[in-house]
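As structure tokens, the structure follows; a few thoughts come after it.
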Amino acid sequence: MNLSALRLSYTKNELNEEKVSKFPFEQFKIWFDEILNSEIIEPNAMVLSTSSEDGSPSSRVVLLKEFDDEGFIFFTNYESEKGKCIEKNSKVSLLFFWKELERQIRINGVAKKTDRNISEKYFNSRPILSRIAAAASPQSNIINDRSQLEKMFEEYKSKNSDKIETPLNWGGYKIIPHYFEFWQGRENRLHDRIVYKKENNDWKIFRLAP
Ligand SMILES: Cc1cc2nc3c(=O)[nH]c(=O)nc-3n(C[C@H](O)[C@H](O)[C@H](O)COP(=O)(O)O)c2cc1C
């Protein structure tokens, strides 16, 4: 396999500081709407990076479930590895990569737990078996084998058949950004990189070299 010969030319689009929105959330929405109208599967999958107390980074995919002019919400187990990292260091980064449109968005911000009512509303909207799985699985803990997981699932299901409450250790985080970078692939590797940085409550816009 010759990986060094794998190369694509990016020619689909461009990004121009004169034409982008003055507000990064609006620019995000413009791109996200375009993505939703494309054939991309799970366009709301994003990489969340956290760091532990000693500064070691870790990344994983989570699903964006809501966003507004303040931030980006995903749901998880608060006692998972990522939950523990955020507890110690709420600075996180998000990354979207939509290869079909040759686009990447990097977002840096601070994670805050969402209000309980937001977590409950989303939890209750999930299919019942997903709710049971979220409640029964001690996310990020070591377990013996697959059968232990299935047993926990079945036990939880038989004990809580009438109503699955939102577990106290489960809920949303909202990432409140202070930095966005919109990356559009261009020909000859002269890519467009437009950054929004929050300074004194205003968004400063500049371009980075690719
Ligand atoms: C497409 C995709 C979507 C995922 N969505 C979520 C999610 O929304 N919430 C979540 O907790 N884990 C989600 N996961 C699983 C995480 O990547 C990860 O395995 C899990 O959250 C445990 O991570 P941690 O041990 O670093 O806390 C998803 C994984 C994939 C591949």
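Note that ligands are numbered from 1 as they come in the structure, with each ligand's atoms numbered from 1 the same way. Only this structure's heavy atoms are used, side chains among them; waters, hydrogens and symmetry mates stay out.
Ranking protein heavy atoms by distance to atom 8 (O) of ligand 1, first place goes to L63 N, 3.0 Å. Of the protein's non-hydrogen atoms, the one nearest atom 16 (C) of ligand 1 is V61 O, 3.1 Å. For atom 26 (O) of ligand 1, the closest non-hydrogen atom of the protein is R60 NE, 2.8 Å. What sits closest to atom 22 (C) of ligand 1 on the protein, heavy atoms only, is K82 NZ, 3.6 Å.
The shortest separation from a heavy atom of F74 to ligand 1 is not under 4.0 Å, leaving the residue out of contact.
Ligand 1 has no N or O atom lying under 3.5 Å from any N or O atom of N77, backbone or side chain. Taking only nitrogen or oxygen atoms, main chain and side chain alike, E42 does not reach within less than 3.5 Å of ligand 1.
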Practice task
Report the C-alpha separation of W170 and F75 in whole Å, then their side-chain angles, then the decisive distance to 0.1 Å, and conclude whether the ring pair (Phe, Tyr, Trp, His ring centres under 6.0 Å) test is met.
Solution key: CA-CA 7 Å; W170 192 95; F75 295 91; 5.6 Å; yes
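Not less than 6.0 angstrom separates the ring centroid of F180 from the ring centroid of F28.
Per-atom contact check: atom 24 (P) of ligand 1 touches the protein, criterion being a heavy-atom distance below 4.0 Å.
Between L6 and M1, every side-chain heavy-atom pair lies at or beyond the 4.5 Å cut-off.
Both tests hold for K113 against Y78: distance to the six-membered ring centre under 6.0 Å, angle to the ring axis within 45°.
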